[in-house]
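Worksheet for the structure shown next.
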Amino acid sequence: MTAALLRITEREGLEAVSLRTVAAEAGCSVGAVQRYFSTKDEMLHFALRTVVEAERERLRHIRLGPGGMPFPDALRATLLELLPLDARGRGEARIWAAFYARAAVHPEFAAVIDELSREARDNLRTVFAYAESVGELRPGQDHDALAQLVLSIMDGLMWSILMCPSGAHKDHVAAVDTAVNLIAGVQ
């Protein structure tokens, strides 16, 4: 059922998701879907949580610090992993985009996005503090502002990639490299 829900959301957006469409996509009855989800909003929250957990799992292999990558390399690897540069990433980005659109008009969805953004900012601030402590980030930078900058860049790049029908993303990767170099102070 999860796969069916995600396929519909990726292919047609959140508006196409209903108990009936998920049941048809999964090849089961509406009653079977209702055993897992009582409302469309429950299904949509589940889709987003599924995508978030998949992203967290993919990021677990990126290690910063002793025995891991230097800060600029870890930041670059993380940002590239999160960009929708392949079919899987584009599918997940479509789910994010649909959820963002719903969050613009539904406060309960906006609260979920806000919670995830706070978590991401906290994680980035921790990374920036560590990088500064080991001399891999210029001292005295505003970690809150840097975190917001990174999230804003990633949101903008995600939308740009989703709207880029050619599939040529070398400029998007170059933008990530430029952002990392500016943040890390790489010459």
Side-chain angles (χ1 to χ4, degrees), residues 6-16 47-48 50-65 68-104 109-110 112-114 116-132 135-138 140-187:
L6 295 176
R7 281 193 306 271
I8 293 167
T9 305
E10 289 172 18
R11 190 175 61 233
E12 302 172 48
L14 292 179
E15 296 311 314
L48 183 64
T50 300
V51 167
V52 167
E53 193 49 45
E55 288 175 350
R56 284 180 179 142
E57 187 58 36
R58 284 194 316 276
L59 293 175
R60 283 189 174 95
H61 78 278
I62 300 172
R63 299 278 183 227
L64 173 68
M69 298 176 173
F71 166 68
D73 296 343
L75 181 60
R76 181 182 191 276
T78 299
L79 299 181
L80 290 177
E81 183 63 46
L82 294 174
L83 281 183
L85 299 173
D86 58 15
R88 176 211 32 89
R90 281 187 297 280
E92 289 179 356
R94 285 186 194 104
I95 292 170
W96 277 104
F99 209 88
Y100 280 176
R102 194 157 178 100
F109 283 77
V112 172
I113 294 294
D114 186 52
L116 292 169
S117 292
R118 276 194 314 269
E119 178 185 334
R121 283 191 303 273
D122 289 346
N123 290 338
L124 284 167
R125 282 191 298 266
T126 299
V127 166
F128 296 145
Y130 171 79
E132 187 176 297
E136 292 183 342
L137 180 67
R138 285 185 317 269
Q141 294 194 66
D142 182 339
H143 296 174
D144 292 322
L146 282 177
Q148 187 59 55
L149 175 65
V150 168
L151 293 178
S152 297
I153 289 169
M154 290 306 295
D155 282 346
L157 287 172
M158 179 196 78
W159 285 105
S160 177
I161 291 169
L162 286 177
M163 299 300 132
C164 181
S166 70
H169 303 300
K170 69 177 184 158
D171 291 342
H172 296 101
V173 173
V176 167
D177 290 338
T178 299
V180 168
N181 290 340
L182 289 170
I183 291 167
V186 176
Q187 300 293 333

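Along the sequence shown, residues are numbered consecutively beginning with 1.
- Contact of the Asp73 side chain with the Val180 side chain is not registered, since no non-hydrogen atoms from C-beta on lie closer than 4.5 Å.
- When all heavy atoms of Pro84 and Ile161 are compared, the closest pair comes out as O-CG2, 3.2 Å.
- Residues Arg90 and Asp86 are not paired through a salt bridge, judged by the lack of any N-O separation under 4.0 Å between the basic side chain and the carboxylate.
- Contact check for Leu85 versus His169: side-chain heavy atoms found under the 4.5 Å cut-off.
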Derivation and outcome, side-chain contact (heavy atoms from CB on, under 4.5 Å), residues Arg11 and Arg94: CA-CA 8 Å; Arg11 190 175 61 233; Arg94 285 186 194 104; over 6 Å; no
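- For the pair Phe71/Phe128, a side-chain contact is recorded, criterion being any heavy-atom separation below 4.5 Å from C-beta on.
- At least one side-chain heavy atom of Arg76 sits less than 4.5 Å from a side-chain heavy atom of Val173.
- Separating the CD atom in Glu55 from the OG1 atom in Thr78 is a distance of 11.5 Å, to the nearest 0.5 Å.
- Heavy-atom minimum distance, Arg125 versus Ala147: CG-CB, 4.3 Å.
- Under the side-chain hydrogen bond (donor to acceptor under 3.5 Å, both in side chains) criterion, Tyr100 pairs with Asp155, not counting sequence neighbours.
- The distance from atom CG of Leu124 to atom CG of Leu146, rounded to the nearest 0.5 Å, is 9.0 Å.
- With sequence neighbours excluded, no residue forms a ring-ring contact (aromatic ring centres under 6.0 Å, His included) with His143.
- Between the CZ atom in Arg121 and the OG1 atom in Thr126 there is a gap of 13.0 Å [rounded to 0.5 Å].
- Leu157 and Ala175 get closest at one heavy-atom pair: CD2-CB, 4.0 Å.
- Not a single donor-acceptor pair under 3.5 Å links the side chain of Arg138 to the backbone N or O of Gly135.
- Annotation: the span from Leu149 atom CG to Asp144 atom CG amounts to 12.5 Å, rounded to 0.5 Å.
- One finds the CD atom of Glu136 at 11.0 Å from the CG atom of Leu75 (value rounded to the nearest 0.5 Å).
- Minimum heavy-atom separation, Ser117 to Leu151: O-CD1, 3.9 Å.
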Stepwise salt bridge (Lys or Arg N to Asp or Glu O under 4.0 Å) test for Arg56 and Glu119: CA-CA 12 Å; Arg56 284 180 179 142; Glu119 178 185 334; 2.6 Å; yes
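- In this structure, the side chains of Arg63 and Met69 stay at 4.5 Å or more apart for every pair of heavy atoms.
- Remark: side-chain polar atoms of Asn181 are paired, donor with acceptor, to backbone N or O of Asp177 under 3.5 angstrom.
- Under the 4.5 Å side-chain criterion, counting only non-hydrogen atoms from C-beta, Leu162 is not in contact with Trp96.
- Within the 3.5 Å criterion, the main-chain N or O of Gly156 finds no donor-acceptor partner in the side chain of Ser160.
- The two atoms that bring Leu137 and Ala184 nearest to each other are CD1-CA, 4.3 Å, heavy atoms only.
- Considering NE2 of His172 and CG of Leu80, their distance stands at 12.0 Å, rounded to 0.5 Å.
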Worked verdict on Phe99 versus Val112 for side-chain contact (heavy atoms from CB on, under 4.5 Å): CA-CA 10 Å; Phe99 209 88; Val112 172; 4.0 Å; yes
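- Remark: Arg60 engages Glu53 in a salt bridge, criterion side-chain N to carboxylate O under 4.0 Å.
- Closest heavy-atom contact between Ala74 and Leu64: CB-CD1, 4.0 Å.
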